[in-house]
Amino acid sequence: MGAGMQEAAEEGEFVGSRLDTGLRAARFASPPSADVFGSEVEPKNVPAVFRGVAKGWAASTRWDPLHGGLDYLLEKVGRDVDVEAMMSDTGHVFYGDLRSHERVSVPFSTFVHSCKSYLRRINGASGPFIDQGILEEPTCSREMCASNSENSEQVYLAQVSIMNAENKERCLLEVLKEDIQEPIFLRGKSFSSINFWMNGAHLRSSTHYDPHHNLLCVLAGCKKVTLWPPSASPFLYPMPVYGEASNHSSVIIEEPDYSSYTRARYMKEYSERVVLNCGDVLFIPEGWYHQVDSDDLTIAINFWWKSRIMTQMSEHMDAYYLRRILSRLVDKEMNIMVQRNPFCRLGDCTNIQPMNKALTGFQLFNLQKDSPLQTLEPSTLQALYELVSLVHDSDEVVNQNDRPEPTSEGTSSNRRDETKIAAPDDSSLLDKDPVAKTILPVEPLEFRSMMLAMVRTFPRTLETLVLNMLRPVGAEILTRKFDEIDQLTTKEEQAEFYKTFYSVFEDQYAAMDVLLNGKESFSFQVFQNVLDKYLRVHVDRPT
């Protein structure tokens, strides 16, 4: 059995293809000093594996279920101690949501006897219904502890306190502290708690993160821990931040519903799995998601302590930190959305027609030799043809003679209505905006030439494009193009360009209003995406 677990452990480790190298767990063959851990490991907020650190602890031999450890634990803790256990409604998978499990009071002796029964059963010593009388004196609120030892396989001694800084009365297994040691690299830490974890049959815990730094120490059996950095939150669909299990993923472990959680199909690519055998220790920084598979009869303890960041954060600064963090996430998300495939070729990024069709189309306008279109690069001319085609083929084109004069107020109202629905889960706003997709790949100075050519050749088309067809992401990309142009031109050239560009609009302020409202609408759509991805909160824009 031990050899089998070792073989599984060797095969079980992997690193996802999209996990940044700097976020991969560090490996230590020997434990570092407290100074090294405090200055080089902990501040990075990246997991670290320490092989064999707990191998010399008394617990690693005394608690071993395969060598009398169950009898030792029963004698050490005593028969009259009741502990709180988790009972799962979902078989061997334990989810954090209170709706899927129940906290029950179990005599420690009852749990140990059920583990002994399970051990004999898997070793083939007797049938599946032996020793039913072992589970006597049940204090559970459900039938699990009553008679059938198979039910005990759905019970997990999870987070039973050995030490608790806030509530010493909860330290039901304090006596076991004699068998463990404080790792040398944690010397000087002020622990929030030290906890005991034990299972009978193989089980799985749901994906979640902890609000404390965590040192997980395996003292018997084997745990396979899958890790995700906090930045992978969008792929894990955390529960709503206001919910009871807000630190848990919504994605079912064994049969993920990719139709509802579309990004989750990529979650493995951003993860790493490490395998912990007896004596191995894993540092899991606060906020790191982890999902744990525990082999039969696995025992572990963990140390929790507050991170330096949390201990140094002043409460009166929380509102500022919240705004700064949300702003940074919005900026990051915005850049991702408008720079998708930034190095793609123009023809690959858009649905632009073949070049010969573009030239044929412009010939219909009796293109003259001195036309500004003649100076454009072929790819830019292709983009221009696409924009003109979009305007003239769109249902949004308004007859120029009948179109009412645009106003700031009317434009603003239209933009607000457009953003009441948040962008879908797995699709980019860019993918749904043909105007944005067309102008995105055009180089800044070529874009400047294209806009000037439109002013001189298709002024009403340009006006319609901006006032009637420009969606929020298009407004964002258009103004970003303007910023890029400004970086490459002089003040005089900038002034001349904007004077020419805005000259096509009957109401220049209305055009500016469209661009500003569009940018704000795009920012809000991105903000909605951030709230959904990281907090699972949905908000509508106020009207």
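All figures in this text were calculated on a predicted structure; none of them were measured in a lab.
Here the straight-line distance linking atom CZ of Arg204 with atom CZ of Phe94 works out to 13.0 Å at 0.5 Å rounding. Taking CG of Asn45 as the reference point, atom CD1 of Ile309 lies at 5.0 Å (rounded to 0.5 Å). From His290, atom NE2 reaches atom OG of Ser206 across 9.5 Å, with rounding to the nearest 0.5 Å. Note that the CG atom of Leu535 and the OG atom of Ser246 stand 10.0 Å from one another [nearest 0.5 Å]. Distance check, rounded to the nearest 0.5 Å: CG of Leu384 to CZ of Phe458 gives 6.0 Å. Residue Thr207 holds its OG1 atom at 11.0 Å from CG of Asn247, rounded to the nearest 0.5 Å.
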Checklist entry - Leu390 and Met469: side chain to side chain contact (heavy atoms under 4.5 Å, CB included), yes or no, with the steps? => result CA-CA 9 Å; Leu390 285 171; Met469 294 189 63; 4.1 Å; yes
Item to check | Full working for side chain to side chain contact (heavy atoms under 4.5 Å, CB included) between Trp305 and Leu186 | outcome: CA-CA 10 Å; Trp305 71 98; Leu186 294 188; 3.7 Å; yes
Item to check | Candidate pair Phe447 and Leu478, rule side chain to side chain contact (heavy atoms under 4.5 Å, CB included), full reasoning | outcome: CA-CA 9 Å; Phe447 182 77; Leu478 179 64; 3.2 Å; yes
Checklist entry - Leu326 and Phe527: side chain to side chain contact (heavy atoms under 4.5 Å, CB included), yes or no, with the steps? => result CA-CA 8 Å; Leu326 283 174; Phe527 179 68; 4.3 Å; yes
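Here the side chain of Asn517 pairs a donor or acceptor atom with the backbone of Asp513 at under 3.5 angstrom. Side-chain atoms of Thr457 come within 3.5 Å of backbone atoms of Ala453 as a donor-acceptor pair (strictly under, hydrogens ignored). A donor-acceptor distance shorter than 3.5 angstrom exists from the side chain of Ser307 to the backbone of Met310, with no hydrogens or angles considered. A donor-acceptor pair under 3.5 Å is formed between the side chain of Lys481 and the backbone N or O of Leu440. For Gln494 (side chain) and Thr489 (main-chain N/O), a donor-acceptor pair under 3.5 Å exists by modelled atom type. Between the side chain of Ser271 and the main chain of Thr226, no donor-acceptor pair closer than 3.5 Å is present. Ser249 contributes a side-chain N or O that, together with a main-chain N or O of Leu236, makes up a donor-acceptor pair within less than 3.5 Å. When atom types are taken as modelled, the side chain of Gln528 and the backbone of Val539 share a donor-acceptor pair closer than 3.5 angstrom.
Within the 4.5 Å cutoff, side-chain heavy atoms of Met334 are placed close to those of Ser523. Inter-residue side-chain proximity for Leu215 and Phe185 is flagged as met; some heavy-atom pair is nearer than 4.5 Å. By the 4.5 Å heavy-atom criterion applied to side chains, Gln487 and Glu484 are not counted as neighbours. A 4.5 Å side-chain heavy-atom check between Trp228 and Gln291 finds at least one atom pair inside the cut-off. Val504 has its side chain out of reach of Met451: every pair of non-hydrogen atoms, C-beta onward, lies at least 4.5 Å apart. In this structure, the side chains of Pro211 and Trp304 stay at 4.5 Å or more apart for every pair of heavy atoms. Counting only heavy atoms from C-beta outward, the side chains of Leu387 and Val435 approach each other to under 4.5 Å. Between Phe14 and Lys268 the shortest side-chain heavy-atom distance falls below 4.5 Å.
Looking at every heavy atom in both residues, Pro444 comes nearest to Leu488 through CB-CD1, 3.9 Å. Nearest heavy-atom pair, Ser250 versus Arg536, reported as atom, atom and distance to 0.1 Å: OG-NH1, 2.9 Å. Residues Val274 and Leu227 share a closest heavy-atom pair of CG2-CD1, 4.4 Å. Considering every non-hydrogen atom in both Val466 and Val514, the closest pair reads O-CG1, 3.3 Å. When every heavy atom of Gly474 is checked against every heavy atom of Ala436, the shortest pair comes out as CA-CB, 3.8 Å. Considering every non-hydrogen atom in both Pro32 and Phe50, the closest pair reads CD-CE2, 3.4 Å.
Take Glu443 and apply the salt bridge (charged side-chain N to carboxylate O under 4.0 Å, His left out) test, not counting sequence neighbours, and it matches no residue.
For Phe501 and Phe505, the ring centers sit closer than 6.0 Å to each other.
The side chain to side chain contact (heavy atoms under 4.5 Å, CB included) test with Trp288 is passed by exactly one of Leu23, Asn214, Asp210: Leu23. Considering Arg24, Arg18, Arg27 as possible partners of Glu272, the one that fulfils the salt bridge (charged side-chain N to carboxylate O under 4.0 Å, His left out) test is Arg27. Checked against Tyr289 for a ring-ring contact (aromatic ring centres under 6.0 Å, His included), the options Phe235, Tyr209, Tyr270 give a single hit: Tyr209.
The aromatic rings of Phe283 and His213 lie perpendicular to each other, with more than 60° between the two planes, well past the 30° mark. Taking the six-membered ring for Trp and thresholds of 30 and 60 degrees, Phe497 and Phe482 have ring planes more than 60 degrees apart, a perpendicular arrangement.
The local environment of CD in Glu254 is crowded, with over 12 non-hydrogen atoms from other residues, nucleotides or ligands closer than 6.0 Å.
Annotation: cation-pi geometry satisfied between Arg263 and Tyr237 (NZ/CZ under 6.0 angstrom from ring centroid, within 45° of ring axis).
A salt bridge links Lys519 with Glu476: the closest approach of a Lys/Arg side-chain nitrogen to an acidic carboxylate oxygen falls below 4.0 angstrom. Salt bridge absent: Glu496 and Lys499 never bring a charged side-chain N and a carboxylate O closer than 4.0 Å. Taking a cutoff of 4.0 Å between a charged side-chain nitrogen and a carboxylate oxygen, Glu333 and Lys533 qualify as a salt bridge.
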